[in-house]
Amino acid sequence: MVAINNIHDALDKFEKFSSKWGEANKHIDYRRGNKLYLSAIESIKYINKTRNMDKLIPFLHHTDVGVRYIAAYVLLPYKTRECKEVLQKIVECEDRINSFSAEMTLEEWNKGTLTFPFSVE
């Protein structure tokens, strides 16, 4: 479990863990990637619990694909059109592994079977 002190700390950790997750994916290091993903999700849970999901919106335009991907995934229920566009760009332009993750996320969203590790309000 990741210790989070405040919203700024949660956002910093989200960015750090999401970026490292994307890099782990590129290097096909799934063991490390899964741990980093879970740490990013802990940050998101804090952000969601404190009703600050809107603070993730700028990350949709981040230069790092891992950060963009996870931000788009968790913001889909709130900013659907914009997040779908971000995910589609990842499908079209990024490395094979992250492209596949974005493609599967869009597919599950469109089928209505995408789940989230936090309550969507």
Side-chain angles (χ1 to χ4, degrees):
M1 180 146 227
V2 178
I4 300 172
N5 301 315
N6 56 52
I7 188 62
H8 300 292
D9 189 33
L11 292 167
D12 288 344
K13 287 179 177 170
F14 165 79
E15 182 178 23
K16 179 179 91 174
F17 292 129
S18 297
S19 178
K20 289 182 179 185
W21 170 82
E23 280 301 309
N25 271 356
K26 284 182 190 177
H27 293 82
I28 312 173
D29 185 353
Y30 298 120
R31 172 179 256 165
R32 182 170 174 260
N34 287 341
K35 289 178 184 178
L36 291 162
Y37 174 80
L38 292 174
S39 295
I41 293 302
E42 287 300 315
S43 297
I44 292 162
K45 286 179 179 178
Y46 180 93
I47 294 165
N48 185 55
K49 183 178 78 176
T50 59
R51 300 190 179 279
N52 283 292
M53 292 297 277
D54 60 312
K55 301 239 189 291
L56 292 173
I57 294 169
F59 292 111
L60 293 172
H61 308 287
H62 200 281
T63 57
D64 186 275
V65 65
V67 176
R68 279 195 321 273
Y69 168 77
I70 295 181
Y73 158 60
V74 301
L75 288 171
L76 263 169
Y78 309 102
K79 303 287 282 178
T80 304
R81 184 187 55 76
E82 188 174 359
C83 290
K84 286 175 78 173
E85 289 174 5
V86 169
L87 291 167
Q88 188 58 44
K89 285 180 185 172
I90 293 171
V91 168
E92 296 167 0
C93 300
E94 294 297 335
D95 62 274
R96 197 166 132 191
I97 298 295
N98 287 312
S99 175
F100 180 74
S101 294
E103 183 178 2
M104 291 298 98
T105 299
L106 284 169
E107 188 176 303
E108 294 301 314
W109 175 261
N110 291 333
K111 289 193 296 187
T113 56
L114 188 63
T115 60
F116 298 92
F118 55 87
S119 62
V120 177
E121 300 171 16

Listed partners of Gln88 passing side chain to side chain donor-acceptor pair (under 3.5 Å), at least two apart: Glu92
- prompt: Taking atom NZ of Lys55 and atom CD1 of Ile47, what is their separation to the nearest 0.5 Å?
  reply: 10.0 Å
task: Can you sort out the partners of Glu15 under salt bridge (charged side-chain N to carboxylate O under 4.0 Å, His left out), two or more places apart, ordered by chain and number?
output: none
- prompt: Nearest heavy-atom pair of Ser18 and Ile70: which atoms, and what distance?
  reply: OG-CD1, 3.6 Å
- request: Kindly write out the residues that satisfy side-chain contact (heavy atoms from CB on, under 4.5 Å) with Ala72, not counting sequence neighbours, or none if the list is empty.
  value: Leu60, Cys83, Val86, Leu87
Heavy-atom closest contact (Asn98 atom, Val65 atom, distance): ND2-CG1, 3.7 Å
- request: Could you check Ile97 against Tyr30 for side-chain contact (heavy atoms from CB on, under 4.5 Å), going step by step and ending with a plain yes or no?
  value: CA-CA 11 Å; Ile97 298 295; Tyr30 298 120; 3.4 Å; yes
Closest approach of Met53 to Asn48 (non-hydrogen atoms, all atoms of both residues): CG-OD1, 3.5 Å
When the side chains of residues 103-112 are checked against the rest of the protein, which donor-acceptor pairs come out under 3.5 Å, sequence neighbours left out?
unit_1, atom_1, unit_2, atom_2, d
Thr105, OG1, Tyr69, OH, 2.6
Thr105, OG1, Ser101, O, 2.9
Glu108, OE1, Thr113, OG1, 2.3
Glu108, OE2, Lys111, NZ, 3.2
Asn110, OD1, Lys84, NZ, 3.4
Asn110, ND2, Leu106, O, 3.2

message: Taking side chain to side chain donor-acceptor pair (under 3.5 Å) as the definition, give me every residue that meets it alongside Asp64, ordered by chain and number, with sequence neighbours left out.
response: Ser19
query: If two hydrophobic side chains count as joined below 4.5 Å and joins carry through other members, does Ile57 share a cluster with Ile90?
result: yes
task: For Ser39, enumerate each residue passing the side chain to side chain donor-acceptor pair (under 3.5 Å) test, keeping only those at least two apart in sequence or located in another chain.
output: none
- line: Hits for salt bridge (charged side-chain N to carboxylate O under 4.0 Å, His left out) against Lys13, two or more places apart or cross-chain, chain-then-number order -> Asp9
- prompt: Trp21 and Asn34: side-chain contact (heavy atoms from CB on, under 4.5 Å), yes or no, with the steps?
  reply: CA-CA 8 Å; Trp21 170 82; Asn34 287 341; 5.5 Å; no
query: Shortest non-hydrogen contact from Phe116 to Tyr73?
result: CE2-O, 3.1 Å
- prompt: Under 4.0 Å between a Lys/Arg side-chain N and an Asp/Glu carboxylate O for Glu85 and Arg81?
  reply: yes
message: Among residues at least two apart in sequence or on other chains, which ones pass side-chain contact (heavy atoms from CB on, under 4.5 Å) with Asp29?
response: Ala24, Arg31, Arg32
task: Under the side-chain contact (heavy atoms from CB on, under 4.5 Å) rule, what do Asp54 and Leu75 come out as? Steps first, then yes or no, please.
output: CA-CA 8 Å; Asp54 60 312; Leu75 288 171; over 6 Å; no
- line: residues 38-65 vs ring pair (Phe, Tyr, Trp, His ring centres under 6.0 Å), sequence neighbours excluded, gives Phe14-Phe59
message: Would you say that Tyr37 contacts Asn25 through its side chain, given a criterion of any heavy-atom pair below 4.5 Å between the two side chains?
response: no
statement: Residue set satisfying side chain to side chain donor-acceptor pair (under 3.5 Å) with Asn52, at least two apart, ordered chain then number -> Thr50
